[in-house]
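Report on the structure given below.
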Protein chains: 2
Amino acid sequence: MNASSKSERTRLSAENWEDAALVLIAEQGVGALAVEALARRLGVTKGSFYWHFRTREALLQAALERWEQYGEREVIAQIEAISDPRERLPELFRRVAHEVQPHRVYAALLKALDHPLVVPVMARVSQRRTEFLATAFREAGLPPAEALNRARLTYAAYVGFLQLNFTLGLPRISHEDFDAYVEHMIATLIPA
Amino acid sequence: MNASSKSERTRLSAENWEDAALVLIAEQGVGALAVEALARRLGVTKGSFYWHFRTREALLQAALERWEQYGEREVIAQIEAISDPRERLPELFRRVAHEVQPHRVYAALLKALDHPLVVPVMARVSQRRTEFLATAFREAGLPPAEALNRARLTYAAYVGFLQLNFTLGLPRISHEDFDAYVEHMIATLIPA
DNA sequence: TCGTTACCATACGCATGAGTATGGATTGGC
DNA sequence: GCCAATCCATACTCATGCGTATGGTAACGA
């Protein structure tokens, strides 16, 4: 017995460290990812960490890969969920707008675009999502060239919104106003 | 005589340090703002710095204030330059799109939203610019509520574009494609 | 049950960068 | 030409955070 004060006191794996790293990144940003801080959080010490990873960068790399694959499934799920191409985009907008958690890591990584490891990951993710939006806009009736530009515009609006109203705390938009904003986006960006 | 190797060897003022700080921030981000590095750049040592500023944070604060006021004039100039309300927005879009330098600091600060000193500055600047856009959209014929949301959407698209195509190096859009994108933005976001 | 492997603690070394102490050089008022 | 500010260099201290060395303990197969 004698389970120590911390939670359940089970042995740790590399995946545990990666998940904890992502949580910490979401909460305090990539810059706050320090091994001793993470170790404290997990109720262990550095000694544990350096058994699982060769360096701090290695952990970040692994955590980013993990996030990229995990986030892939999330987007794919959003795609397949809606059958009618006409309703896909409005529904996607509304669903994405009313989630919070999945955006936290993405927003944190946007603030870490100085770091060489996160740039390629963000480039791939953003690229794929933009391309997905482009096909959706084509299916909604826009000609290819226009669809691509509309996708760029839409995804840029998403990214910018994260920065302005999420990371930054602009005049705390109310819940009703936010819904109105989302509907305005739909009316403006999605062809009738 | 005997002008030393470095440029002109004149004495430095606090403003010199602030300007140099902004240049460094634009080039390498807020995180790279270190006093010894800056000193090397200016051809002096720390000893000089700590005569002008009490701390590193004090320099950052002063540099941000300087940038905020300087950037104010820039936006105001864009406003007054265009007389016809009908043509104001398209012209603003095109002009902003074809500048580069003024966006560098803003983009760098977007990546430093973790830092407590930059958050209020960015909040004020973004707020003012959004409000300016809102009045422009009202003058362009949109009802107030709609104008505000359109302004939010537009400014978010601007911020997101900076991140995706500036900071991040998404598939290097060509010059013609970029112009087409800007025109697409105009057609989509500005009421006819 | 015994030893080997997997996991973790403790105690270091070491680099970086902020801030301090103090003395030297340069400038402008008189 | 001299004195007092002003500006800067040199040489430290000190905290932080990465990485290492090494020994201890828990799990697990034979």
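All values reported here derive from a predicted model rather than from experimental measurement. Letters A, B, ... mirror the listed sequences (proteins, then strands); counts begin at 1.
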* Under 4.0 Å between a side-chain N or O of His52(A) and OP1 or OP2 of dC8(C)? ->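 Indeed, a polar side-chain atom of His52(A) lies that close.
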Side-chain donor/acceptor pairs under 3.5 Å, residues 162-169 of chain B, sequence neighbours excluded:
none

Quick one: which protein N/O atoms are closer than 3.5 Å to N/O atoms of nucleotides 10-13 of chain D? Pair and distance per line, please.
none

Can you give the donor-acceptor pairs under 3.5 Å from side chains of residues 21-30 of chain A to other protein atoms, not counting sequence neighbours?
{"unit_1": "Glu27(A)", "atom_1": "OE1", "unit_2": "Arg41(A)", "atom_2": "NH1", "d": "3.3"}
{"unit_1": "Glu27(A)", "atom_1": "OE1", "unit_2": "Arg41(A)", "atom_2": "NH2", "d": "2.7"}

* To do: Check each residue of residues 53-63 of chain B for a non-hydrogen atom within less than 4.0 Å of any atom in DNA chain C, then write out the ones that pass by number, or none.
  => Thr55(B), Arg56(B)
* Using heavy atoms and a sub-4.0 Å distance, could you list which residues of residues 22-34 of chain A are near DNA chain C? By number, please. => none
* Do side-chain atoms of His184(A) reach the backbone of Ala145(B) as a donor and acceptor pair under 3.5 angstrom? -> no
* Asked: Would you call Glu99(A)-Arg95(A) a salt bridge at under 4.0 Å N-O?
  ->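 Between Arg95(A) and Glu99(A) there is no salt bridge, as every charged N stays at least 4.0 Å from the carboxylate O atoms.
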* Structure fact -> Side-chain atoms of Ser48(A) come closest, of dA9(C), dT6(D), dA18(C), to dA9(C)
* Asked: The side chain of Tyr50(B) lies closest to which of these nucleotides: dC8(C), dG19(C), dC7(D)?
  ->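 Of all the options, the side chain of Tyr50(B) is nearest to dG19(C).
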Listing request: all salt bridge (Lys or Arg N to Asp or Glu O under 4.0 Å) pairs with a residue in [range], at least two apart in sequence or in separate chains.
range: residues 130-152 of chain A; result: Arg88(A)-Glu139(A)
range: residues 101-112 of chain B; result: none
range: residues 50-71 of chain A; result: Glu18(A)-Arg66(A), Asp19(A)-Arg66(A), Glu68(A)-Arg124(A), Glu68(A)-Arg128(A)
range: residues 176-185 of chain B; result: Arg94(B)-Glu183(B)

* To do: Report whether Leu148(A) and Val125(A) are members of the same hydrophobic cluster (ILVMFWY, side-chain heavy atoms less than 4.5 Å apart, transitive linking).
  => no
* To do: Check each of Asn149(B), Thr154(B), Leu189(B) against Thr188(A) using the side-chain contact (heavy atoms from CB on, under 4.5 Å) test, and report the only one that passes.
  => Leu189(B)
* Name all pairs fulfilling the ring pair (Phe, Tyr, Trp, His ring centres under 6.0 Å) condition that reach into residues 123-154 of chain B, sequence neighbours left out, sorted by first residue then second. =>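 Matches after skipping sequence neighbours: none remain.
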* Could you pull out the closest heavy-atom pair between Ser48(B) and Trp17(B), with the gap in Å? =>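 Closest approach of Ser48(B) to Trp17(B), heavy atoms only: OG-CZ2, 3.4 Å.
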* To do: Find the bend of the helix from dT1(C)-dA30(D) to dG29(C)-dC2(D) as the angle between its two terminal axes (five pairs each), to the nearest 10°.
  => 0°
* **Glu15(A): partners by side chain to side chain donor-acceptor pair (under 3.5 Å), with sequence neighbours left out** =>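 Counting only residues at least two positions away or on another chain, Glu15(A) forms a side chain to side chain donor-acceptor pair (under 3.5 Å) with Ser13(A).
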